[in-house]
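Notes follow once the structure below has been shown.
Chain naming here is simple, since letters A, B, ... match the order of the sequence lines and numbering starts at 1 in each. Since the structure is predicted, the reported quantities are computational estimates derived from the model, not experimental observations.
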Number of protein chains: 2
Amino acid sequence: MTAAAASGDGARPRPARRPTMKDIARRAGVSESAVSFALNDRPGVSSDTRERVRRVAEELGWQANSAARALSGERSGCAGLVLARPAHTLGVESFFLQLVSGIQEALSARRVALLFQVVEDLDTELAVLRRWWAERRVDGVLVVDPRTEDPRPGLLASLGLPAVVIGGLEADRHHAETPLPVSNVWADDAGAMASVLDHLYSLGHRRIAHVAGMRGLAHTERRIVSLRAEAARRGLTEDEVRSVATDYSDAEGAEATRRILDGPARTRPTAIVYDNDVMAVAGASVAAGRGVSVPAELSVVAWDDSALCRVTHPRLTALVRDTPGFGRLAAQELLAALDGAPVRSVQGELPHLEPRESTGPPPGE
Amino acid sequence: MTAAAASGDGARPRPARRPTMKDIARRAGVSESAVSFALNDRPGVSSDTRERVRRVAEELGWQANSAARALSGERSGCAGLVLARPAHTLGVESFFLQLVSGIQEALSARRVALLFQVVEDLDTELAVLRRWWAERRVDGVLVVDPRTEDPRPGLLASLGLPAVVIGGLEADRHHAETPLPVSNVWADDAGAMASVLDHLYSLGHRRIAHVAGMRGLAHTERRIVSLRAEAARRGLTEDEVRSVATDYSDAEGAEATRRILDGPARTRPTAIVYDNDVMAVAGASVAAGRGVSVPAELSVVAWDDSALCRVTHPRLTALVRDTPGFGRLAAQELLAALDGAPVRSVQGELPHLEPRESTGPPPGE
DNA sequence: TTGTAGGCGTTATCAT
DNA sequence: ATGATAACGCCTACAA
């Protein structure tokens, strides 16, 4: 951060004055309340007046002052989203931005803005949520990266702040005695894992490793459990099919791969399932670096597709899901909650496996 | 989007009531204005009262209602950022999220929230900016992806909405007769391009291709111009060194690479500089697919480093910059502008080239 | 159908 | 040093 070349005259232009309802009322020759009624599509004003008021508002370029509107008991018109991730794991991840783009699509259709904050850890996130609530900054929030023991739903429920957890627990994990604290949209990780195992098993793979994400994240645990269940269903043992946890970074994905490939050849996995695209690419790269050919000697599957999976050689077989669609669904659920819909759990689209060149029969098959 | 398993009792818990200054005043036995003075560090209240008020506020967990504060002439406490990009180019890009994380670091230190919106195109972005202004939703905005003919600075200046353009024109492109409409933080693309060319030229490369980003973006044009200038300085002709524009996607990066490699071997470039990491990886992958060895037959440089460049084989030589730092700088500049600092242009850190295995001497050297 | 008055929670301007 | 009181712009009874 070096030189600072001054420029411009420093004299900030006088801000254009924003018109208020009073201006409209004066100009249209009616009272302020008539303006309010007209502009909010409420009964109690002649269609003639309504039309005139609307025209004047249009001419003046009037927009409701969000602060005034929020103050008088209305909504703030903002939804909140906090992303708690250490900076170094923010790296390459298409997932999040895609999710947000879907969220925005649904929110902006209803003119709801998104307040977005990146923080370092969960405690800070909780503090931000509390503050947003206390400041009345947001009408509701979207919660991402749910954990198995997650303090957020409880907090939000106790604050009475409408919320939707993205990727939380499946409905069937909840029983009557423990009602959902907040709404939830979820992906069928178990079903997805089954399709991955179907693919690998039918190719002939029997020893499969799963390079999972962060321990404690709900979907990580879910995938680990699902993998074990699917393996058991096919008569595979825990020696043959196992998961290792990482922090989702390329570095840990690579390291996990090294350790897996370092094992004795006889018991070494013939396929690896990675919990995100970055780790999958990193893993494939480690294999290439060691002369382990993909897919001849090792099959690779990425959970979540992205450009990444299609620009590598070979292109990676991936579990494709409609991430923007998932975000859209979550945002719609939040909007519904704001409109008073009951707390509920909604299922997103089932991901499907897109076979590419990185998976094939295991060696000797 | 399938089943919707209802759960929970639907009865939303009664929202906890947020304490107001009135509550504090009552409880501390003072007037509301005393509370306001005490809480805002203003003179006109005894240190004794101030202390008591503070304690009560703390006990009650009071936080200023942002709407009320904004309404009474204060700031809204929000900065805005609109990202205008077609959904399909949102893909894998570490740059943006990193930038945002830096921005947040600076903003949240001053308790300023970030209002974030993704839209499809520039016109929609202009509409959003106008609306935010009209609704008094934001105190200022950050502008990304500046263009050569950019309507945003002019609009913002005319609205009197403080703004900082991220990656706009260098100060020296501006002359006294055309003062900057809004503040600007910029990266020295010319200097960076010079270091890239130094590297490649000294390795012996004479035919160099530049797979650039989108036409019309300020930094794209700047890099194209810089490349030509740097080439000319070294006596290279426009036949030898040329740029092709893309939309930044892996698809167009790959396509551009194919066309480059399709040229006659004698005049084919021996090095390619890509304007982002995704295209660089895609390009390297195309080369690998054609049996063109990197770096023996083709050197590859990525503009912007990321995990991506380090997980490929070979790892990609990249132009590293402190993207979060750049975001931090921009946000600080915006905060300064909100405090009344004059419009100015600030330079960010000079990127540096990190040589890795994807660059080497050209064939026959 | 229309206008008037009061409130939302804060800040700021007056008196006291 | 303190306490009324009036803005800020919108919404909403209630009265005309």
Separation of atom [atom1] in [X] from atom [atom2] in [N], rounded to whole Å:
X         : N       : atom1 : atom2 : result
Leu60(A)  : dG9(D)  : CG    : P     : 14 Å
Leu71(A)  : dT12(D) : CG    : C1'   : 14 Å
Leu39(B)  : dA12(C) : CG    : P     : 13 Å
Lys22(A)  : dG3(C)  : NZ    : P     : 15 Å
Arg50(B)  : dT2(D)  : CZ    : P     : 10 Å
Arg137(A) : dT10(C) : CZ    : P     : 13 Å
Phe37(A)  : dT12(D) : CZ    : C1'   : 6 Å
Arg18(A)  : dG9(D)  : CZ    : C1'   : 12 Å

salt_bridge(Arg152(B), Asp145(B)) N-O dist < 4.0 Å: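 Asp145(B) and Arg152(B): not salt-bridged.
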Under 4.0 Å between a Lys/Arg side-chain N and an Asp/Glu carboxylate O for Arg27(A) and Glu59(A)?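 Yes, Arg27(A) and Glu59(A) are salt-bridged.
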Under 3.5 Å donor-acceptor pair, Thr20(B) side-chain atoms to dT10(C) base atoms: no
Determine the contact category for Ser33(B): base if any of its heavy atoms lies under 4.0 Å from a base atom, sugar-phosphate if only primed atoms, P, OP1 or OP2 are that close, otherwise nothing.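 Counting heavy atoms under 4.0 Å across all strands, the contact made by Ser33(B) includes a base.
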With heavy atoms under 4.0 Å as the rule, sort Ala64(A) into base, sugar-phosphate or nothing. sugar-phosphate
Taking the nucleotide of DNA chain D with the nearest heavy atom to each, does Trp62(A) or Glu32(B) sit closer to the 5' end?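 Comparing both residues, the 5'-ward one is Glu32(B).
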For the aromatic rings, using the six-membered ring if either is Trp, is the centroid distance between Phe96(A) and Phe326(A) under 6.0 Å?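 No, the ring of Phe96(A) stays outside the 6.0 Å limit from the ring of Phe326(A), centre to centre.
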When you check the phosphate oxygens OP1 and OP2 of [N], does a side-chain N or O of [X] lie under 4.0 Å from one of them?
X        : N       : value
Thr49(A) : dT2(C)  : yes
Arg42(B) : dA12(C) : yes
Ser36(B) : dT11(C) : yes
Ser72(A) : dC10(D) : no
Asn65(B) : dC8(C)  : no
Arg69(B) : dT11(C) : yes

Would you please say whether a donor-acceptor pair under 3.5 Å links the side chains of Ser36(A) and Ser33(A)?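 Ser33(A) and Ser36(A) do not have a side-chain donor-acceptor pair below 3.5 Å.
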By nearest atom, which of the nucleotides dC11(D), dG3(D), dC8(C) is closest to the Val30(B) side chain?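 For the Val30(B) side chain, the nearest candidate turns out to be dG3(D).
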For the side chain of Thr124(B) and the backbone of Val119(B), is there at least one donor-acceptor N/O pair under 3.5 Å apart?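 Not confirmed, Thr124(B) side chain does not pair with Val119(B) backbone.
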